[in-house]
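Here the structure is laid out as structure tokens; the discussion comes afterwards.
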There are 2 protein chains.
Amino acid sequence: MYKNKIPKASVYRLAIYLRGLEKLKINKKIYVSSPEVGKFCGIDPAQVRKDLSYFGQFGEVGKGYHIKSLVTNLKKILKLHHKKWKMSLAGVGNLGAALLSYKGFENVGFIIQVAFDKDCKKIGRVFSGVKIYDFKKMKEIIRKENIRIGIIAVPAEFAQEVAEIMISSGVKSILNFAPVILNLPSKIIVSNVDLSNELLSLPYFISK
Amino acid sequence: MYKNKIPKASVYRLAIYLRGLEKLKINKKIYVSSPEVGKFCGIDPAQVRKDLSYFGQFGEVGKGYHIKSLVTNLKKILKLHHKKWKMSLAGVGNLGAALLSYKGFENVGFIIQVAFDKDCKKIGRVFSGVKIYDFKKMKEIIRKENIRIGIIAVPAEFAQEVAEIMISSGVKSILNFAPVILNLPSKIIVSNVDLSNELLSLPYFISK
DNA sequence: TGATGTGAATAATTTCACAGCA
DNA sequence: TGCTGTGAAATTATTCACATCA
């Protein structure tokens with residue numbers, strides 16, 4: 001069913017569509033067209049159709065896409081259906097706290113199950129419903145909870161070390177917020193999110 | 001001097017190199033080679049050379065790149081030299097606070113000059129050396145300070161409104177952390193940073 | 001030997017344009 | 001008319017391969 005060559009960027013955009021549609025579902029609309037999705041998500045309509053077509057035929061010619069079933073399909077493609085992905089958060093500083101309080105995860109099948117910090121004042125406390133444990137117990141707890149996704153929100157200098165502990169505990173993929181390249185086995189999937197890198201290139205584009 | 005067709009992705013990577021080199025400068029190394037930069041930044045060495053070659057010849061054949069002068073050149077290309085870019089932050093929640101406490105901006109020519117929030121408990125306080133003002137004063141203050149870059153770290157439902165106020169105050173480009181597409185004049189440069197979008201596509205790649 | 005710089009080749013991605021349908 | 005789905009075309013981006021130099 002799936003085409004053999006699917007751009008990574010297309011998969012990434014499916015997530016954007018999903019998020020956009022989740023918002024749209026709240027309204028009473030039943031169908032949505034590719035120009036509408038495009039407008040909503042800031043993406044070219046032909047691109048929207050092409051992205052979806054890599055995975056199947058979800059639209060009805062002349063009508064558009066049935067929103068509810070498109071959402072279901074997108075979740076299925078992205079493996080976000082039936083099971084909640086448990087995540088482990090390392091570092092409960094400002095950024096970590098922002099992630100803990102972010103309400104958008106649950107809707108799409110994710111949950112931060114446990115969090116870790118080394119600050120005694122935080123250890124044992126509960127933050128947005130998530131208990132914070134001592135870093136030292138990370139390996140044990142991640143293993144027990146059978147968690148596959150780790151979030152790194154610690155300062156750059158500790159990121160590599162934390163990532164290695166996560167992986168030795170069974171984590172298969174990492175969402176890394178530390179501004180540093182992690183050196184990890186190639187089978188581990190790392191997604192880097194850098195809060196300031198986009199910023200550095202702004203002046204270049206401003207000055208054109 | 002500049003080639004006419006420069007990939008956007010190349011500009012973005014220059015920022016990555018710059019950040020990497022800033023870290024390297026601390027060591028006593030004088031020269032760095034493209035394979036080293038590549039290793040450090042997680043990018044192919046040929047790509048590193050190609051990216052740099054769009055903007056000039058910064059290396060010495062056989063020796064590599066003189067780190068200090070490469071940093072200078074990168075800053076020049078990215079327009080990060082001689083002047084500090086003043087920024088205005090909207091929203092001092094967890095994420096806003098994380099940005100305020102982030103120390104990496106100053107090194108590369110940025111400074112958060114003022115911040116805004118609507119929470120009375122925060123207004124008037126100073127956070128990481130930055131004073132927090134009432135949202136209502138945003139227009140007046142941004143204009144007075146002549147700020148060109150705005151950071152949006154407010155909840156999604158307020159992002160559009162805040163962005164419009166910023167722009168009417170003279171802001172030319174926006175770093176948007178709210179998970180929503182801003183509808184703004186095309187001359188305004190918008191960079192979106194989404195904390196959770198990368199996450200949504202992880203399970204897809206895990207399951208391959 | 002081990003660098004850079006760079007045209008050329010390749011690959012990846014996006015956009016076009018239109019057949020076919022409601 | 002306005003939509004989807006999709007090959008084909010166009011564009012954009014990456015990687016190769018090598019001349020040249022220290």
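Order of the sequence lines sets the chain letters (A, B, ...), proteins ahead of strands, with each chain counted from 1. Nothing here was measured: the structure is a model prediction, and the numbers come from that model.
Using cut-offs of 30° and 60° on the angle between ring planes, the pair F116(A) and Y133(A) is tilted.
Among E60(A), K68(A), H66(A), the one residue that satisfies the side-chain hydrogen bond (donor to acceptor under 3.5 Å, both in side chains) test with Y31(A) is E60(A).
dT20(D) atom C1' lies 13 Å from atom CZ of R49(B), rounded to whole Å. Distance K39(B) NZ to dA3(C) C1': 18 Å, rounded to the nearest Å. One interatomic measurement links the two molecules: CG of D51(A) to P of dT6(D), which rounds to 13 Å at whole-angstrom precision. For the pair D44(A) CG and dT15(C) P, the computed distance is 5 Å after rounding to whole Å. Protein atom OH of Y54(B) is 12 Å distant from nucleotide atom P of dT12(D), rounded to whole Å. K63(B) places its NZ atom 17 Å from the C1' atom of dG5(C), with the value rounded to the nearest Å. K8(A) places its NZ atom 13 Å from the P atom of dT14(C), with the value rounded to the nearest Å. Regarding L52(A), its CG atom lies at a distance of 15 Å from the C1' atom of dT14(C), rounded to whole Å.
A close approach under 4.0 Å does not occur between any side-chain nitrogen or oxygen of Q47(A) and OP1 or OP2 of dC16(C). Phosphate proximity of dG5(C) to Y65(B): present, with a side-chain N or O under 4.0 Å from OP1 or OP2. Regarding contacts with the backbone of dG2(C), every side-chain N or O of Y31(B) stays at 4.0 angstrom or more from both OP1 and OP2.
Checking dC21(D), dT4(D), dA13(D) against every side-chain atom of P35(A), the shortest atom distance belongs to dT4(D). Listed nucleotides dT13(C), dT14(D), dG5(D) differ in distance to Q57(A); the shortest reach to its side chain belongs to dG5(D). Among the nucleotides dA8(D), dG7(C), dT4(D), the one closest to the side chain of S33(A) is dT4(D). When distances are taken from the side chain of A9(B) to each of dG5(D), dT14(D), dC16(C), the shortest belongs to dT14(D).
Between K50(A) and G62(A), the residue anchored nearer the 5' end of DNA chain D, judged by the nucleotide with its closest heavy atom, is G62(A).
Residues from residues 11-21 of chain A with heavy atoms under 4.0 angstrom of DNA chain D: there are none.
Using a 4.5 Å heavy-atom cutoff, the side chains of L199(B) and F105(A) are in contact. Between S34(A) and Y65(A) there is a side-chain heavy-atom pair separated by less than 4.5 Å. No side-chain heavy atom of N94(B) sits less than 4.5 Å from a side-chain heavy atom of L95(A). Y17(A) places none of its side-chain heavy atoms less than 4.5 Å from the side chain of L70(A).
Judged as a salt bridge (charged side-chain N to carboxylate O under 4.0 Å, His left out), and not counting sequence neighbours, the contacts of R19(B) are D194(A).
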